[in-house]
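Keep in mind that this is a model prediction, so the values were computed, not measured. Side chains included, hydrogens not; waters and symmetry mates left out as well; all remaining heavy atoms used.
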Amino acid sequence: MTITSPAPGSTYDNSAGLPQVVPITGTGLPTADDLVLTYDIGTGTAAQALFSGTTHNADGSFSANANFGQLPPGETTVVATVSGADSLSGVADPEVTPSAYTFELAVAPNPSFPFTVTSPGTGEVVETTTPVFTGTAQPGSTVTVTYSNKALGNSVAGTAVADPSGAYSVPTTFLDLAPGSLGSGATVTQTNPDAQVGRLSIAFTFAQPPVPAIAQTVTATPDEVTVEQATTTGITVAATGFSPGEEVRTVVTDSDGAAVELADRDLNYYAENDLGAYADTLVFTDTVAPDDYTITLTGVRSGIVLAAEVTVVDEVVVLTPTPVITSPTEGQVVSGGTVTVSGTGPVGSGIVLTVAEQSFFDGTDLESPAEGRFYLTDLADPILVDDAGNWTITVSLLPGDYVAQAVAAELTSDGAVDEAGGVSEFSNIVAFSLVAAPAAVVPPVVTPAAPVARPTGLAYTGAEAGQGVIGAALLLLVGGGLLVAARHRRTLAVPSAE
């Protein structure tokens, strides 16, 4: 029997694959036999290298796989004995003379300095975010620690070179982990041209994330748009807290929960690679209808879900200029049962005027105003602004303290307020008082009498008493005016076209 590979005295390159496994080939072994190969393991005893059968080929050659994993650390010389044995009974074949067989391995199946990681240990919860990896490796080997990063790639945590005794110490940082992640472990690799390459995986977690979590926020700007804005400039969405570099999927649903179509969408969108921030502009298609919508962002890798609410409304046209009430003036006292309210506004528009007591405007009186103490323009018959931009109306009211405010509105062809048209900003607010007209004074019939003598001064006519009464009434009105001046603004309520 002859061994052809590895040839006796040769060196076999076992650096690729499993360094302890060597394929053995030869000729001259009876087809009924299996190859028997034992080798010296340095303890005075021989170890069996073959653990499976032998393959016989038609040309008379044979092959088998031998395992030299019990060689001493650092040993590369194989001192073996080869023979044959019946493949069924295992009894040695006396026709095959045992022979010595020696060859060299390029790398020791068991290195002189076994590659190990002593810290951190598998399953350990590491208290520091910058652990130091320690262990043994082939002297002079470069030891590299890598880990899975936030972008689903690999990052290097640190490297070091094993000292002459084989010990290594690798300081590390894990700053490429996703914010808030506790990690899942690391891979430790030794590289040396004169030693076999080794790789060990160590599963561990951090007690505290090496990279702090990013707060999860989302905003939609603006949160209310018109149909035209929704289909042109759209809505800007900004979010934070996603896993950096991950895909973010966007779904928009209406108030019924049905998904709506967006215009001009690419296939994929991703969060910013460092901080996990995300920004996007959502443009609706021309089929969008006024409604309340929910924008939902979902991180594909992290599972983070963020949502924002937006509203799409009908077109709103703001008329200019804003109407101004010029009469009555602030704090004016009007006498009689009517007050004439005048002002300016957009030519061709209609004025909707509200006159009411202060409690109606500031909301302190929740009851409906009493008859004669409230005026609101009928939307079917608004106050028209003439070609000069002026308007006026006379309103009947009971005596009291009042506040007036107006808006201008577009009109329909029949002169009514177009409830789907444009409106102006609110006018100025004017507070005034309405007092009853003084009763007519009928002069009494006086019989002439002889003049009454007075000690000094002019003749007495009775006028002093009348002036005193009028003066007191004016003081009361001024006092009422001061109270009205302390008013709070209330938004004018104009029925909307819903």
**Student:** Taking the side chain as every heavy atom from C-beta outward, state whether F113 and P139 have any pair of such atoms under 4.5 Å apart.
**Tutor:**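 Yes, at least one pair of side-chain atoms sits under 4.5 Å.
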**Student:** Rounded to the nearest 0.5 Å, what separation is found between the CD1 atom of I351 and the OG atom of S424?
**Tutor:**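 The OG atom of S424 is 6.5 Å from CD1 of I351, to the nearest 0.5 Å.
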**Student:** Check the surroundings of atom CD in E228: do more than 12 heavy atoms from other residues, nucleotides or ligands lie under 6.0 Å from it?
**Tutor:**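 Counting neighbours around CD of E228, 12 or fewer heavy atoms of other residues, nucleotides or ligands fall under 6.0 Å, so no.
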**Student:** Quick check, are the ring centers of Y12 and F68 under 6.0 angstrom apart?
**Tutor:**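 No: the rings miss the under 6.0 Å criterion.
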**Student:** Looking at A215, is its backbone amide N or carbonyl O close enough to the side chain of T240 to form a donor-acceptor pair, meaning the two atoms are under 3.5 Å apart?
**Tutor:**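 Answer holds: yes.
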**Student:** Testing S155, P244, S181 for side-chain contact (heavy atoms from CB on, under 4.5 Å) with N149, which one passes?
**Tutor:**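 Checked S155, P244, S181 against N149; only one passes side-chain contact (heavy atoms from CB on, under 4.5 Å): S155.
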**Student:** How about V91 and D93: do any of their side-chain heavy atoms sit closer than 4.5 Å?
**Tutor:**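 No, their side chains stay 4.5 Å or more apart.
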**Student:** Look at atom CD of E104 and say whether more than 12 heavy atoms of other residues, nucleotides or ligands are closer to it than 6.0 Å.
**Tutor:**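 Yes, enclosed.
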**Student:** Any donor and acceptor pair, going by atom type alone, linking the side chain of S148 with main-chain N or O of N154 inside 3.5 Å?
**Tutor:**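 It does not hold such a pair.
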**Student:** Is the closest side-chain heavy-atom distance between V313 and V227 below 4.5 Å?
**Tutor:**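 No. Closest side-chain heavy atoms not under 4.5 Å.
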**Student:** When the ring centroid of F284 is compared with that of Y293, is the distance short of 6.0 Å?
**Tutor:**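 Yes, they do, as the ring centres are separated by less than 6.0 Å.
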**Student:** Would you say the side-chain atoms of H56 pair up with the backbone N or O of D33, donor to acceptor, closer than 3.5 Å?
**Tutor:**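 It does hold such a pair.
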**Student:** Taking atom CG of D59 as the centre, does the number of heavy atoms from other residues, nucleotides or ligands within less than 6.0 Å exceed 12?
**Tutor:**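 Enclosed.
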**Student:** Taking all heavy atoms of F103 and all of A7, pick out the closest pair and write down the distance.
**Tutor:**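 Shortest heavy-atom separation between F103 and A7 comes out as CB-O, 4.0 Å.
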**Student:** One pair to check against side-chain hydrogen bond (donor to acceptor under 3.5 Å, both in side chains): S63 and T25. What are the steps and the verdict?
**Tutor:** CA-CA 4 Å; S63 63; T25 63; over 6 Å; no
**Student:** Whether the side chain of T102 engages the backbone of G9 through a donor-acceptor N/O pair (distance < 3.5 Å, no angle test) should be reported.
**Tutor:**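 Not confirmed, T102 side chain does not pair with G9 backbone.
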**Student:** What pairs of residues pass the ring-ring contact (aromatic ring centres under 6.0 Å, His included) test when at least one of them lies in residues 115-139, not counting sequence neighbours?
**Tutor:**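 Every ring-ring contact (aromatic ring centres under 6.0 Å, His included) pair that includes a residue of residues 115-139, provided the two are not neighbours, is F133-F204.
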**Student:** Is a donor on one side and an acceptor on the other found under 3.5 Å between the side chain of N57 and the backbone of G60?
**Tutor:**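 No: the side chain of N57 does not pair with the backbone of G60.
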**Student:** Atom CD1 of I41 and atom CG of L71: how far apart are they, to the nearest 0.5 Å?
**Tutor:**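 Interatomic distance, I41 CD1 to L71 CG, rounded to 0.5 Å: 8.5 Å.
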**Student:** Is a side-chain donor or acceptor of D256 paired with a backbone partner of A258 at a separation under 3.5 angstrom?
**Tutor:**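 Looks like no, no N/O pair under 3.5 Å.
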**Student:** Evaluate the side-chain proximity of E224 to V310: yes if any heavy-atom separation is below 4.5 Å, no if none is.
**Tutor:**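 No, side chains not in contact.
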**Student:** I'd like to know if the side chain of E75 and the backbone of P72 have a donor-acceptor N/O pair within less than 3.5 Å.
**Tutor:**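 Side chain of E75 to backbone of P72: no pair is present.
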**Student:** For the residue pair E410 and V417, establish whether any side-chain heavy-atom pair is separated by less than 4.5 Å.
**Tutor:**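 The answer is no, as the side chains (C-beta and beyond) never meet within the 4.5 Å cut-off.
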**Student:** Taking all atoms of both residues into account, what is the closest heavy-atom pair of L262 and T285, and its distance?
**Tutor:**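 Shortest heavy-atom contact: C-CG2, 3.9 Å.
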**Student:** Under 3.5 Å, is there a donor-acceptor pair linking the side chains of D292 and S255?
**Tutor:**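 Short answer, no.
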**Student:** For atom CZ of R249, decide whether the heavy atoms of other residues, nucleotides or ligands shown that lie under 6.0 angstrom number more than 12.
**Tutor:**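 Atom CZ in R249 is not packed in, count stays at 12 or less.
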**Student:** Kindly indicate whether the side chain of T187, heavy atoms from C-beta on, has any atom under 4.5 Å from the side chain of T189.
**Tutor:**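 Answer yes - side chains close enough.
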**Student:** Which heavy-atom pair separates P382 from L411 by the least distance, and what is that distance?
**Tutor:**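 What the structure gives for the nearest pair is CG-CD2, 3.7 Å.
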**Student:** Nearest 0.5 Å, please: how far is CG in L297 from CD in Q216?
**Tutor:**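 If I round to the nearest 0.5 Å, the distance is 11.5 Å.
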**Student:** Of all the heavy-atom pairs spanning A106 and N14, show the shortest one and how long it is.
**Tutor:**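 Scanning both residues completely, I find the closest heavy atoms to be N-OD1, 3.2 Å.
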**Student:** For a quick test of reading the model, state the closest non-hydrogen atom pair linking L50 to A64 and the distance between them.
**Tutor:**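 Minimum heavy-atom separation between L50 and A64: CD2-CB, 4.1 Å.
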**Student:** Between L105 and V22, is there a side-chain heavy-atom distance shorter than 4.5 Å?
**Tutor:**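 SC-SC contact between V22 and L105 confirmed.
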**Student:** Report the distance from atom CD1 of I235 to atom CG of L282, rounding to the nearest 0.5 Å.
**Tutor:**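 Result: 6.5 Å between the selected atoms.
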**Student:** On the 0 to 90° scale, with breaks at 30° and 60°, tag the F174-F206 ring pair as parallel, tilted or perpendicular.
**Tutor:**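 Geometry flag for F206 against F174: perpendicular rings.
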**Student:** Distance check, rounded to the nearest 0.5 Å: Y101 atom OH versus Y39 atom OH?
**Tutor:**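 OH of Y39 is found 14.0 Å from OH of Y101.
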**Student:** Do V117 and Y168 have side chains that get closer than 4.5 Å, going by heavy atoms?
**Tutor:**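 Sidechains of Y168 and V117: in contact.
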**Student:** Would the distance check show the side chain of T118 and the main-chain N or O of T134 forming a donor-acceptor pair, the cut-off being under 3.5 Å?
**Tutor:**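 Yes, T118 side chain to T134 backbone: donor-acceptor pair under 3.5 Å.
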**Student:** Using side-chain hydrogen bond (donor to acceptor under 3.5 Å, both in side chains), reason through E247 and N268 one step at a time and then give a plain yes or no.
**Tutor:** CA-CA 7 Å; E247 182 182 354; N268 301 101; 2.8 Å; yes
**Student:** OG/S427 to CD1/I325 distance, rounded to the nearest 0.5 angstrom?
**Tutor:**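 The CD1 atom of I325 is 4.0 Å from OG of S427, to the nearest 0.5 Å.
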**Student:** Might you point out which heavy atoms bring L353 and Q405 nearest each other, and give the distance in Å?
**Tutor:**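 Closest pair (atom of L353, atom of Q405, distance): CD1-O, 3.4 Å.
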**Student:** Do T144 and T142 pass the side-chain contact (heavy atoms from CB on, under 4.5 Å) test, and can you show the C-alpha distance, the side-chain angles, and the key distance before you say yes or no?
**Tutor:** CA-CA 6 Å; T144 305; T142 298; 4.0 Å; yes
**Student:** Hey, mind stepping through V305 and T296 against side-chain contact (heavy atoms from CB on, under 4.5 Å) and telling me if it holds?
**Tutor:** CA-CA 7 Å; V305 178; T296 302; 3.7 Å; yes
**Student:** Can you tell me if Y147 uses its side chain to pair, donor with acceptor, with the backbone of D176 under 3.5 Å?
**Tutor:**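 Indeed, once roles are kept as given, a pair shorter than 3.5 Å links the two residues.
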**Student:** Let's go through S302 and E246 carefully: what are the C-alpha distance in whole Å and the side-chain angles of both, what is the deciding distance for side-chain hydrogen bond (donor to acceptor under 3.5 Å, both in side chains) to 0.1 Å, and is it a yes or a no?
**Tutor:** CA-CA 8 Å; S302 66; E246 75 171 326; 2.6 Å; yes
**Student:** Could you go step by step and tell me if S141 and Q190 meet the side-chain hydrogen bond (donor to acceptor under 3.5 Å, both in side chains) rule?
**Tutor:** CA-CA 6 Å; S141 292; Q190 74 160 339; 3.1 Å; yes
